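Read the structure below first, then the notes.
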2 protein chains.
Amino acid sequence: MSKNLPSTARSLPIALIRAREGIMAPIREMLSETGITEQQWRVLRVLSEFGVMDTKTLADRSSLLFPSLTRIAATLRDKGLVSQTRDEKDRRRQFVEITPAGQLIIDERAARAAEIVTGFKATLGHDNYETLLDLLEMLDPGART
Amino acid sequence: MSKNLPSTARSLPIALIRAREGIMAPIREMLSETGITEQQWRVLRVLSEFGVMDTKTLADRSSLLFPSLTRIAATLRDKGLVSQTRDEKDRRRQFVEITPAGQLIIDERAARAAEIVTGFKATLGHDNYETLLDLLEMLDPGART
DNA sequence: TTGCAACAATTAACATGTTAAGGAAGTGAC
DNA sequence: GTCACTTCCTTAACATGTTAATTGTTGCAA
């Protein structure tokens, strides 16, 4: 049975889009003054958290596809927020590192970003927030062990 | 306190992206043979469920921004999957309707799409699935009454 | 060593997301 | 009626998502 599609009002893909839209709106607003995009912010955050890493790891941790990352890395490099270096042992590979200028962007906005997150935790309630993260992780093909 | 950003591993925006990626992968695979995209599928589904409607309502129900919808509607019209008509009383407004060819695309794949949804329900468990939808709806700015 | 498969990264091509600006049609104050 | 204002939709410009093709390297095997 269940040959019928669920109503679009209870569609999981659509619900994910709308939730994401709700989450990102205040974050995009915060970022608008910096001139960097949401994805660029994400890359900087990953680099800030884990330090220098190769492109493949960076793409994985940032949840970005390679072609996107190529463009984003080029943009961030032009802005002086990251630096790229070739692996001398394997010249196919490349390493990316956040620069002091890039780290500054993170540092100056970490408090405000944390406030936004706190706001959503308050909206949902702490337990619901953790539950939500757990459920979302169950849908992540990369996280299913 | 909590001036520190959460680890990107427990970041809600990133978790939403990854979950969406996990959900959409099999759906995109299903759609690949049709030549229509995920968003075009979404528009057709909304039109199939609710019937003819004006562009504003369609954008709202499809969770698409107006500029995107303009392009998508033009694409679908060129493919003969929807038809557009001007409102004669208010010539700014426009109505969109699914064509038989468009409806056929939905009908031919409704069963397979429903199977995919059923699969995710099984992965999460029915109660978790409903909980997830409820929590996501709490983050949707358009749904907070 | 040469040839080829595998790999990392880029580029290309097209669709969408996002913001801003533009154009056309309706509305209301005067 | 006219002018400002609003509304609906489109266009523009740029960044990203997505898939496929391409380039440059490496490793391995005939």
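Within every chain, numbering begins at 1; the chains are lettered A, B, ... in the order of the sequence lines, protein sequences first and strands thereafter. All values reported here derive from a predicted model rather than from experimental measurement.
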Just checking, A/R61 and A/F50: is the charged tip under 6.0 Å from the six-membered ring centre and within 45° of the axis?
yes

Distance check needed: D/dT10 C1' versus B/L64 CG, whole Å only.
16 Å

Which comes earlier along DNA chain C counting from the 5' end, the contact point of A/M24 or that of A/D90, where each point is its nearest nucleotide?
A/D90

Once you round it to whole Å, what is the distance between P of C/dA24 and CG of B/D87?
19 Å

For B/A59, does its backbone N or O pair with a side-chain atom of B/S63 as donor and acceptor, under 3.5 Å?
no

For B/E29 and D/dT19, give me the distance from atom CD to atom C1', rounded to whole Å.
14 Å

Calculate the interatomic distance between A/F66 atom CZ and D/dA21 atom P; express it in whole Å.
19 Å

Would you call B/R109-B/E33 a salt bridge at under 4.0 Å N-O?
yes

What's the CG-C1' distance between B/L65 and C/dA21, to the nearest Å?
16 Å

Apply salt bridge (charged side-chain N to carboxylate O under 4.0 Å, His left out) to the pair A/R45 and A/E49, showing each step before the final yes or no.
CA-CA 6 Å; A/R45 276 197 56 195; A/E49 180 175 356; 5.1 Å; no

Heavy-atom count around B/E108 CD within 6.0 Å, excluding the residue itself: above 12?
yes

Output yes when at least one side-chain N/O atom of B/R28 is less than 4.0 Å from OP1 or OP2 of D/dT18, else no.
yes

Please identify which of these residues, B/I98, B/L47, B/L81, B/T99, meets the side-chain contact (heavy atoms from CB on, under 4.5 Å) condition with B/L76.
B/L81

Whole-Å distance separating the CZ atom of B/R20 from the P atom of C/dT16
12 Å

Note: contacts of residues 32-61 of chain A with DNA chain C (heavy atom, under 4.0 Å) are A/T55, A/K56

Can you tell me the distance, in whole Å, between the CZ atom of A/R86 and the C1' atom of D/dG24?
9 Å

Rounded to whole Å, how long is the line connecting atom CZ of B/R93 with atom C1' of D/dT10?
17 Å

Carboxylate-amine/guanidinium proximity below 4.0 Å for B/D87 and B/K89
no

A/R92 has its side chain closest, among D/dC9, D/dG24, C/dA25, to D/dG24

Ordered by number, residues from residues 67-81 of chain B within less than 4.0 Å of DNA chain D (heavy atoms) are B/P67, B/T70, B/R71

Short N-O contact, A/E137 and B/R18, less than 4.0 angstrom
no

Please walk me through it: do A/Q94 and A/T55 pass side-chain hydrogen bond (donor to acceptor under 3.5 Å, both in side chains)?
CA-CA 6 Å; A/Q94 196 178 144; A/T55 309; 4.6 Å; no

